[in-house]
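Taking it in order: structure first as structure tokens, then the write-up.
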Amino acid sequence: MDVTPILQDLNDAQRQAVTAPLEPLLVIAGAGSGKTRVLTHRAAWLIDVEGVPPQGLLAVTFTNKAAAEMRGRIESLLEMPVRHLWIGTFHGLAHRLLRRHWQDAKLPQNFQIIDSDDQQRIIKRMLRSLEVDDSRWVPREIQYFINAQKDEGLRPQHLHDEGDPNRRQFISLYQTYQETCDRGGLVDFAELLLRAHELWRDNPDILAHYQRRFRHLLVDEFQDTNAIQYAWLRLLAGEQGVPFVVGDDDQSIYRWRGARVEHIYRFQKDFPSAGVVKLEQNYRSTATILNAANAVIANNGSRMGKNLWTEGAEGEPIRVYSAYNERDEADFIVGRLRDWSDQGNARADAAVLYRSNAQSRVLEEGLINAGLPYRVYGGLRFFERAEIKDALAYLRLTSNRDDDNAFERVVNKPTRGIGARTVEAMRDYARANSCSLWRAAGAVASDGLSGRASASVVAFLNLIERAARDTENLDLHEKVDHVIQMSGLIDLFRKEKGEQGATRIENLEELVSAARSFEGDPADEMSPLDAFLAHAALESGEGQADAWEDCVQLMTMHSAKGLEFPLVFLCGMEDGLFPHQRSVADANGLEEERRLCYVGITRAKQTLYISYAEQRRLHGMDRLSPPSRFIAEIPADYVEEIRPRVQVSRPVQPRRSSRSSSLPSNGTEAGVHLGQRVRHQKFGEGVILNCEGQGAHARVEVNFESSGTKWLVLSYANLDLM
DNA sequence: TACTATTTAATTTTT
DNA sequence: TTAAATAGTA
């Protein structure tokens, strides 16, 4: 056996991990240290060298993208397709199990997956039907509570109110929510994991079967596992299993979503024979960037401890820009991006990272003005679009009449004379007889509604029945197409004014072609339609968007995890924004923010800019905030300040001071500072954004309220201070 | 039922 | 500021 292809191009630590004995192993993989490479080469090693059959291997990731990438890389290493290899997300694999063992999992065979949007609708509907005040019991909070419990593996019966009436209400709502889902055969994301765990826990023979089959477990992003995912892995590993887990405790940024970095520390206790390998050699960034990242993260306590290093060059210093305000910051970034692009670099190699999505706005404005193409990550995904969810709701109804969620969504869309009143009557009936809305609709239509309303309801019921019958034997994409045609959605969107409607119709067409290219797993015992619906819920459709023009990448630091760019901007680096106000209160929160900063810094390969604004307009209010404390944690040796920090003075109380003095025409001294309000004879009022030069050549950049930003020579401009 | 006014709240997000 | 959700009106 020639093991060269598997082992060549691996460094010592990587090779140690890949060729480790068949014992549990924890790999601490720093940013850019070849994590995916180790994972995929290990898989190839197990199959090719250790003789593990591909079906004996289970690989788990968090995103579909990571799963697809892993499969692709393993296949190209082994130079063959590995169909029997189970690679997937926790949710995808759990789903697969539940489909196979739906009876033992106590689910109806045609159970359907709901996303968090559906989940929230169900909760709102439940509150309304229970007549619970939704301003006191906020749907979002209830949703969060329910998911948090499920993430911990807890059912309502495991919870105690502890004498707290508030908590009692939450628990009771959780209970009701679960009953609603069970009645409709609906499974939310957390439920997939919880059910899959219970399936194994309560059925030792099934568990034993999978334990025998999957001796080798490969886990990616191990620091992001939540309690139920970890419990699931442990069950599967049992006594004989060989988990190979890869993670980085310094990149754990999803605690608020239930992820517990502690699992990394716990792993060695739960698997005493486990070895540990640290990957610290970085192949991505310059030494300067790595040193900065190391220095920042060193301020966190409770780490495994790790120090990234590189054989590469020291590189450029990190440039820190102190902007006057967010517009100035955007101007600066756009200027650099334009230079980058003008120098012949790919725009897609540049990324602007920020803490919160709202920050993209100013940047976008700047980029539009400069005519630089850009792409903002993190909008609605394909399958989350309203029109797509409408169409899917029709499809769901044809597959499962009892899906109340789908029923409510489209019963009057397009409007067909089934108003709030009628729906209310159906809800009442459904509640009184604990049946689905579908059955309630049938009952109410024949007795209890006005003739007109009744006719409308019957027409709707017939429409769905007819859609189901007519498309029964059609191929999936024809079925999707037909149901969309029959639904009347196309006409509805055609009437919509503006481009919106046209876009929606295009998206519906796209849905048909998504169905055409969809290939379900023939091993699954699901109808192609159910498989497609599950696919739509589990893969929100990131890959749907194709072929982007070469453009600058805008995204949050969270969504940048796992990516890398030659040129990176970290912007909005101000205390209160980053670290975020809501996180600074407790030490855990602050440490997570610091890890996020570590993630941000380590995205950069060559050039890193950090910027902050002295003054920022947030929620319509101007706020002054100090630079992020994380900036000060970067040793000065690695930093080059582009413009020294300028102190912005708080605006004088009466905003318009009556005494305005003329500027001295001979220089930048006395009274000219960034943020100073000035008035120009022609351009009106504005704010100084920038100054440059001295004496007769001194110039200032002023942002005028009515005429935009301009550079003016001080000695000619005759500005009045205000 | 559709459009308009008012209110409210505002990290991060994958499945 | 602004986007979304709700309440009120034609």
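When reading the values below, keep in mind they use all heavy atoms of this one structure, side chains included, and skip hydrogens, waters and symmetry mates. Per chain, numbering begins at 1; letters A, B, ... match sequence-line order.
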Quiz item: Are the side chains of A:Leu127 and A:Ile142 in touch, meaning some heavy atoms are under 4.5 Å apart?
Solution: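 Counting from C-beta outward, A:Leu127 and A:Ile142 do come under 4.5 Å.
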Quiz prompt | Rounded C1' spacing from B:dT12 to C:dA5 in Å | solution =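 Their C1' atoms lie roughly 22 Å apart.
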Quiz item: Can you tell me how far P in B:dT13 sits from the matching atom in C:dA4, rounded to whole Å?
Solution: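 Going atom to atom, P in each nucleotide, I get 16 Å.
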Rounded to the Å, how far apart are [X] [atom1] and [N] [atom2]?
| X | N | atom1 | atom2 | value |
| --- | --- | --- | --- | --- |
| A:Leu590 | B:dT11 | CG | C1' | 15 Å |
| A:Asp188 | B:dT14 | CG | C1' | 14 Å |
| A:Tyr144 | B:dT15 | OH | P | 19 Å |
| A:Glu364 | C:dA3 | CD | P | 11 Å |
| A:Arg140 | B:dT8 | CZ | P | 17 Å |
| A:Asp115 | B:dT15 | CG | C1' | 9 Å |
| A:Asp575 | B:dT11 | CG | P | 16 Å |
| A:Glu365 | C:dT1 | CD | P | 12 Å |

Quiz item: Looking at the side chain of A:Glu384, which of B:dT14, B:dT15, B:dT11 is the nearest nucleotide?
Solution: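 So the nucleotide nearest the side chain must be B:dT15.
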Practice problem: Describe the nucleic acid contact of A:Gly378 in one word from base, sugar-phosphate, nothing, applying a heavy-atom distance below 4.0 Å. | Solution: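 The answer is nothing, as A:Gly378 stays clear of every strand by at least 4.0 Å.
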Exercise. Could you check whether A:Asp224 gets within reach of a base, just the sugar-phosphate, or nothing at all, counting any heavy atom under 4.0 Å?
Key: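 It contacts nothing in the nucleic acid.
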Self-check item: Watson-Crick or G-U wobble mate for B:dT13, both contacts under 3.5 Å
Solution: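 Across any shown strand, B:dT13 pairs with none.
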Quiz item: Of A:Ile418 and A:Ala537, whose closest DNA chain B nucleotide lies nearer the 5' terminus?
Solution: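 Looking at DNA chain B, the more 5' nearest nucleotide goes with A:Ile418.
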Quiz item: If you find the nucleotide of DNA chain B closest to A:Leu596 and the one closest to A:Gly417, which residue's nucleotide is nearer the 5' end?
Solution: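 Looking at DNA chain B, the more 5' nearest nucleotide goes with A:Gly417.
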Can a side chain N or O of [X] be found less than 4.0 Å away from OP1 or OP2 on [N]?
| X | N | value |
| --- | --- | --- |
| A:Thr556 | B:dT13 | yes |
| A:Asn412 | B:dT1 | yes |
| A:Arg361 | C:dT1 | no |
| A:His580 | B:dT11 | yes |
| A:Arg381 | B:dT13 | no |
| A:Ser116 | B:dT15 | no |
| A:Ser559 | B:dT13 | yes |
| A:Asn357 | B:dT13 | yes |

[X] NZ/CZ over [Y] ring centroid, <6.0 Å and within 45° of normal:
| X | Y | answer |
| --- | --- | --- |
| A:Arg257 | A:Tyr254 | yes |
| A:Arg385 | A:Phe382 | no |
| A:Arg616 | A:Tyr324 | no |

Self-check item: Base of B:dT13 and ring of A:Tyr254 stacked, centres under 5.5 Å, planes under 30°
Solution: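 Per 5.5 Å and 30° rule: no stacking.
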Quiz item: Is A:His558 stacked on the base of B:dT12 when the test is centres under 5.5 angstrom and planes under 30 degrees?
Solution: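 Aromatic stack with B:dT12 absent for A:His558.
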Quiz item: Can you find an N or O donor on one side and an acceptor on the other, under 3.5 Å apart, linking the side chain of A:Arg355 with the base of B:dT12?
Solution: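 By the distance-only test, yes, there is a pair.
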Self-check item: Side chain A:Arg617 and base C:dT1 donor-acceptor under 3.5 Å
Solution: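 In this structure, the two groups form no donor-acceptor pair.
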Quiz item: Is a donor on one side and an acceptor on the other found under 3.5 Å between the side chain of A:Thr415 and the backbone of A:Gly417?
Solution: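 No, because the side chain of A:Thr415 does not come within donor-acceptor range (under 3.5 Å) of the backbone of A:Gly417.
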Practice problem: Quick one: sort the A:Phe214 and A:Trp86 rings into parallel, tilted or perpendicular, breaks at 30° and 60°. | Solution: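 A:Phe214 and A:Trp86: tilted rings.
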Quiz item: Which distance, rounded to the nearest 0.5 Å, do you find between the CD1 of A:Ile253 and the OG1 of A:Thr556?
Solution: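 It is 8.0 Å, given to the nearest 0.5 Å.
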